Amino acid sequence: MPELPEVETTRRGILPVLKNQKITQVVVRDVRLRWPVSPDFAGQLTGQKILDVQRRAKYLLIRLERGTVIWHLGMSGSLRVLPAGTPPQLHDHIDVVLGSGRLLRFNDPRRFGCALWTGDDPAQHELIAHLGSEPLSNEFDAAYLAARAKGRSVAIKQFIMNAEIVVGVGNIYASEALFRAGIRPKRMAGRIKRDELERLVEAIKSVLGEAIKVGGTTLRDYVNANGSPGYFRQKLYVYERAGEPCRRCSTPVRQIVQGNRSTYYCPQCQQ
DNA sequence: ATGGGCACCTGGCTGC
DNA sequence: TGCAGCCAGGTGCCCA
């Protein structure tokens with residue numbers, strides 16, 4: 001569910017609530033996440049002060065005095081801030097209770113998310129060490145993309161969804177970025193021309209940036225730290241619009257499958 | 001090394 | 001009404 005804009009929106013929502021707070025209690029109701037929650041997870045966190053909340057790719061990094069929690073929302077996860085004592089509901093797997101009398105609650109119906117404590121540098125963690133560029137950073141540019149795409153036959157849509165190349169671009173924003181750039185999603189990554197890569201880089205940056213500004217995209221169940229949805233859905237040009245007229249040229253939007261994921265594009269605007 | 005496909009899991013919707 | 005089948009915002013792993 002959450003792509004980079006939704007994770008970043010969550011980060012911005014929880015940071016002011018968590019910063020400088022002491023963790024007074026951690027409740028783990030279900031350890032069966034993508035990786036089992038470690039038996040010492042609660043013990044490692046309890047009593048520590050939260051220093052910062054950062055993001056790398058779609059991972060939230062909760063920096064503590066000693067160590068870091070690496071938190072991923074998977075497909076259906078959300079982190080919300082609630083008053084301590086709020087009764088848990090279905091799929092509320094983890095609570096982090098704060099000295100302020102509030103708590104951070106992790107809900108994840110499909111349990112594809114994870115919460116891992118590490119005492120080492122999170123940048124060196126196996127899940128994070130091999131990640132590609134942050135799309136909103138200056139190092140992500142056409143030269144970088146061209147170098148990585150050289151000689152590769154994978155479809156450009158799957159290429160930009162590959163986190164070893166560029167992080168944070170999921171199924172929604174991949175289709176949307178390719179629409180903005182006017183590129184057909186099935187074209188081979190290595191055959192995209194330089195000026196098209198320039199447009200693609202700008203499209204990825206702009207679509208992610210605009211989505212962050214309005215709190216991300218809510219399709220079904222994504223909510224931010226306050227339980228509010230994101231409003232970028234209204235700005236989607238092609239995603240989940242199969243058969244509907246393209247917002248630019250009125251040609252019906254087409255839906256195909258790539259790597260077991262739905263892709264949407266306009267056969268007129270994208271070549 | 002690269003690309004393709006599957007697995008993990010629950011819930012909501014569709015169509016018979 | 002009930003239920004089987006399909007689909008969903010991610011990503012690690014296995015295979016050719």
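Atom set for the values below is all heavy atoms of this structure, side chains included, hydrogens, waters and symmetry mates excluded. Please read all numbers here as calculations on a predicted model, not as lab measurements. In what follows, every chain begins at residue 1, and chains take the letters A, B, ... in the order their sequences are listed.
A close approach under 4.0 Å does occur between a side-chain nitrogen or oxygen of S153(A) and OP1 or OP2 of dG3(B). S262(A) has a side-chain polar atom (N or O) that falls below the 4.0 Å cut-off from OP1 or OP2 of dA8(C).
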Exercise. Using Watson-Crick or G-U wobble pairs with both distances under 3.5 Å, give me DNA chain B in dot-bracket, 5' to 3', with [ ] for crossers and | for pairs to another strand.
Key: .|||||||.|||||||

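Checked against side chain to side chain donor-acceptor pair (under 3.5 Å), S100(A) has the following partners two or more places apart in sequence or in another chain: Q21(A). Scored by the side chain to side chain contact (heavy atoms under 4.5 Å, CB included) test, Q25(A) finds V27(A), V97(A) as partners (sequence neighbours excluded). The side chain to side chain donor-acceptor pair (under 3.5 Å) test applied to R247(A) returns no partner, not counting sequence neighbours. Checked against salt bridge (Lys or Arg N to Asp or Glu O under 4.0 Å), R66(A) has no partners two or more places apart in sequence or in another chain. Scored by the side chain to side chain donor-acceptor pair (under 3.5 Å) test, Q48(A) finds no partners at all (sequence neighbours excluded).
Atom CZ in R220(A) sits about 13 Å away from atom C1' in dC6(C), given to the nearest Å. Computed from coordinates, the I172(A) CD1 to dT11(C) P distance equals 13 Å when rounded to whole Å. Across the protein-nucleic acid pair, M188(A) atom CE and dG3(B) atom C1' stand 12 Å apart, rounded to whole Å. As a whole-Å value, the separation of E3(A) CD from dT11(C) C1' is 13 Å. Nucleotide dT2(B) holds its P atom 10 Å from the CZ atom of F159(A), rounded to whole Å. Between I256(A) atom CD1 and dC7(C) atom P there is a gap of 15 Å when expressed in whole angstrom units. The CZ atom of R261(A) sits 8 Å away from the C1' atom of dA8(C) (whole-angstrom rounding). In this structure, the OH atom of Y222(A) is 13 Å from the P atom of dG10(C), given to the nearest Å.
In the set dG12(C), dA8(C), dG3(B), dA8(C) carries the atom at the smallest distance from any side-chain atom of E240(A).
Residue I128(A) belongs to a hydrophobic cluster whose other members are W35(A), Y59(A), L61(A), I70(A), L116(A), L127(A), L131(A), V167(A), with links defined by side-chain heavy atoms closer than 4.5 Å. Chaining together hydrophobic side chains whose heavy atoms lie under 4.5 Å apart leaves M188(A) on its own.
Partner N171(A) forms a side-chain hydrogen bond (donor to acceptor under 3.5 Å, both in side chains) with one of Q258(A), K157(A), E3(A) and no other, that one being K157(A).
Identified under the ring pair (Phe, Tyr, Trp, His ring centres under 6.0 Å) test for residues 242-269 of chain A, with sequence neighbours left out: Y239(A)-Y264(A). Listed by first then second residue, pairs satisfying salt bridge (charged side-chain N to carboxylate O under 4.0 Å, His left out) with a partner in residues 32-42 of chain A read D30(A)-R32(A), not counting sequence neighbours.
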Self-check item: Heavy-atom protein contacts under 4.0 Å, nucleotides 5-15 of chain B, coded B base, S sugar-phosphate only, - none
Solution: SB-BBBS----

Practice problem: Assess whether salt bridge (charged side-chain N to carboxylate O under 4.0 Å, His left out) is satisfied between R55(A) and E134(A), documenting all intermediate values. | Solution: CA-CA 10 Å; R55(A) 180 189 57 73; E134(A) 283 289 332; 3.0 Å; yes

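For the residue pair S206(A) / R180(A), a side-chain donor-acceptor distance below 3.5 Å is found, with atom types taken as modelled.
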Could you list, one pair per line, each protein nitrogen or oxygen that sits under 3.5 Å from a nitrogen or oxygen of nucleotides 14-16 of chain C, together with the distance?
none

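The residue Y59(A) sits close only to the backbone: its heavy atoms come under 4.0 Å of sugar-phosphate atoms, none of a base.
One P atom belongs to dC6(B), the other to dC6(C), and the distance between them is 13 Å to the nearest Å.
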